[in-house]
Amino acid sequence: MGEQELAVELEHVFVSYGQYLVLEDISLQVRRGEFVGILGPNGAGKSTLFKVILGLIKPLSGKVRIFGKPQGTNGVLGIGYVPQISQIDPNFPVCVWDVVMMGRYGRIGLVRRPGQEDREAVWRALERVGIKDLASRQIGQLSGGQRQRVLVARALALEPGLLLLDEPTSSMDVTVAEGFYEFLNEIRDSLELTILLVSHDVTVVSQYTDQVACLNRLLIVHGKPDEVINQATLECMYGHGAMYFAHGDVPHMVVRKPPNEGA
């Protein structure tokens, strides 16, 4: 695999918070154009991994490359980031247009006024996620699914090559989440994006992504969902007693049995 084919490359990355080791010896490669789900329980280091890729955390050791260039190097293609929807205050008096324009600040800076190119980028982003008609609507007037699309539009306004989403379906039921994943695949194909998505939802992610990386401080496995999601993988992520119910090989529910319950 040539470097030019890689969107993300981590080599032997270690990260700690004080004395606590959060990520241990992470080596991960993501090809351009792939849709990859980062799976694992709460506290597994998923969000920390994103912060490393975004350049917000410097590893203790190891290398991080984005599109073949070291993280932080001038000229690296933009990374669009979609935070958890819970981080957005729906009562904040701002309209959809203004939220999406915030995504351009990475290019224009905080002191410059947006120009025509920036306004056109915002309209394109709104159209791509199907909410152009909501441009003047207040954020608080939108449904949870619509607000999530606003956050995606904000990330797309940067015109990135790589899109990171942190638990984007945490407030959605399964049916809405499935539609959202289909939407992500559509924009991945139309914009030739690489997408990384953090989730603890083995159920839906396994059905819609090209690859999954299963994380619990260590990178347990990385590969096609139907090849790497199994009982052994789930026990490494969630501990002994984790079980899944499946149609075929793809899990549709992961549960932890009580410690005193028999096998």
In short, Leu215 meets Pro41 closest at the heavy-atom pair O-CD, 3.7 Å

Under 4.5 Å between side-chain heavy atoms, hopping through other hydrophobics if needed: is there a path connecting Leu191 to Leu163? yes

How far does CG of Asn216 sit from CE of Met237, to the nearest 0.5 angstrom? 8.5 Å

To the closest 0.5 Å, what do you measure between CG (Asp226) and OG (Ser206)? 9.5 Å

Inter-residue atom distance Met102.CE - Leu151.CG, 0.5 Å rounding: 10.5 Å

Mind checking whether Pro114 and Met101 have side chains closer than 4.5 Å, heavy atoms only? yes

Quick one: do Leu60 and Leu23 end up in the same hydrophobic cluster if we chain Ile, Leu, Val, Met, Phe, Trp and Tyr together by side-chain heavy atoms under 4.5 Å apart? no

For Arg188, check salt bridge (Lys or Arg N to Asp or Glu O under 4.0 Å) against everything at least two apart and list the hits. Asp210

All side chain to side chain donor-acceptor pair (under 3.5 Å) counterparts of Gln116, not counting sequence neighbours: Arg119, Glu120

Closest contact, heavy atoms only, Pro160 versus Ala155: CD-O, 3.5 Å

Evaluate side-chain contact (heavy atoms from CB on, under 4.5 Å) for Ile139 paired with Phe92, printing each intermediate quantity in order. CA-CA 7 Å; Ile139 283 292; Phe92 190 71; over 6 Å; no

Answer with yes or no whether the hydrophobic clustering places Leu164 together with Ile57; edges join I, L, V, M, F, W, Y residues whose side-chain heavy atoms lie under 4.5 Å apart. yes

Any side-chain heavy-atom pair of Ile26 and His222 under 4.5 Å: no

With sequence neighbours left out, the residues meeting salt bridge (Lys or Arg N to Asp or Glu O under 4.0 Å) with Glu159 are Arg104, Arg124

I need the minimum non-hydrogen distance between Ala153 and Ala125, along with the two atoms involved. O-CB, 3.4 Å

Quick one: list whatever passes salt bridge (Lys or Arg N to Asp or Glu O under 4.0 Å) with Arg217, sequence neighbours left out. Glu24

Kindly determine whether Val152 and Leu165 satisfy side-chain contact (heavy atoms from CB on, under 4.5 Å), including the steps that lead there. CA-CA 8 Å; Val152 174; Leu165 301 101; 4.1 Å; yes

In this structure, would Ile131 and Leu184 fall into the same cluster of hydrophobic residues linked by side-chain contacts under 4.5 Å? yes

Sequence neighbours excluded, which residues qualify as side chain to side chain donor-acceptor pair (under 3.5 Å) partners of Asp25? His12

Measuring only between side-chain heavy atoms, which start at C-beta, is Arg32 closer than 4.5 Å to Glu5? no

Using a 3.5 Å distance criterion without hydrogens, assess whether the side chain of Asn185 forms a donor-acceptor pair with backbone atoms of Glu182. no

State, yes or no, whether a side-chain contact exists between Thr209 and Leu197 at a heavy-atom distance under 4.5 Å. no

I need the Lys63 NZ to Glu9 CD distance, nearest 0.5 Å. 9.0 Å

Glu117: what forms a salt bridge (Lys or Arg N to Asp or Glu O under 4.0 Å) with it, not counting sequence neighbours? none

Flag yes if Val94 and Val100 sit in one hydrophobic cluster, no otherwise; membership is Ile, Leu, Val, Met, Phe, Trp, Tyr, and two members link when side-chain heavy atoms are under 4.5 Å apart. yes

Would you list the pairs meeting side-chain hydrogen bond (donor to acceptor under 3.5 Å, both in side chains) in which at least one residue belongs to residues 134-156, sequence neighbours left out? Ser143-Gln146

So which atom in Gly115 and which in Asp118 form the shortest heavy-atom distance, rounded to 0.1 Å? N-OD2, 2.7 Å

Can you tell if the side chain of Arg31 reaches within under 4.5 Å of the side chain of Gln211, non-hydrogen atoms only? no

Tell me if a side-chain donor or acceptor on Lys46 pairs with a main-chain N or O of Ile38 at a distance below 3.5 Å. no

Enumerate the residue pairs fulfilling ring-ring contact (aromatic ring centres under 6.0 Å, His included) with a member in residues 154-179, sequence neighbours excluded, ordered by first and then second residue. none

Residue pairs involving residues 149-196 (criterion ring-ring contact (aromatic ring centres under 6.0 Å, His included); sequence neighbours excluded): Phe180-Phe183, Tyr181-Tyr208

Extract all donor-acceptor atom pairs below 3.5 Å that involve side chains of residues 47-54 and protein atoms in other chains or at least two apart in sequence.
| from | atom 1 | to | atom 2 | distance (Å) |
| --- | --- | --- | --- | --- |
| Ser47 | OG | Asp166 | OD2 | 3.2 |
| Thr48 | OG1 | Tyr17 | OH | 2.7 |

How close do Leu28 and Ala213 get, heavy atom to heavy atom, and via which atoms? CD1-CB, 4.2 Å

Please report the closest heavy-atom contact between Leu156 and Leu193, naming both atoms and the distance. CD2-CD1, 3.8 Å

Answer whether the closest heavy-atom distance between the side chains of Leu162 and Phe67 falls below 4.5 Å. yes

The ring-ring contact (aromatic ring centres under 6.0 Å, His included) partners of Phe35 (sequence neighbours excluded) come to none

Roughly how far, to the nearest 0.5 Å, is the OG atom of Ser199 from the CD atom of Glu167? 5.0 Å

Within the 4.5 Å heavy-atom criterion, are Val8 and Thr194 side-chain neighbours or not? no

Can you tell me how far CD of Glu235 sits from CD1 of Ile220, rounded to the nearest 0.5 angstrom? 11.0 Å

Sorted by chain and residue number, the side chain to side chain donor-acceptor pair (under 3.5 Å) partners of Glu186 (sequence neighbours excluded) come out as none

Side-chain heavy atoms of Ile229 within contact of Leu39, under 4.5 Å: yes

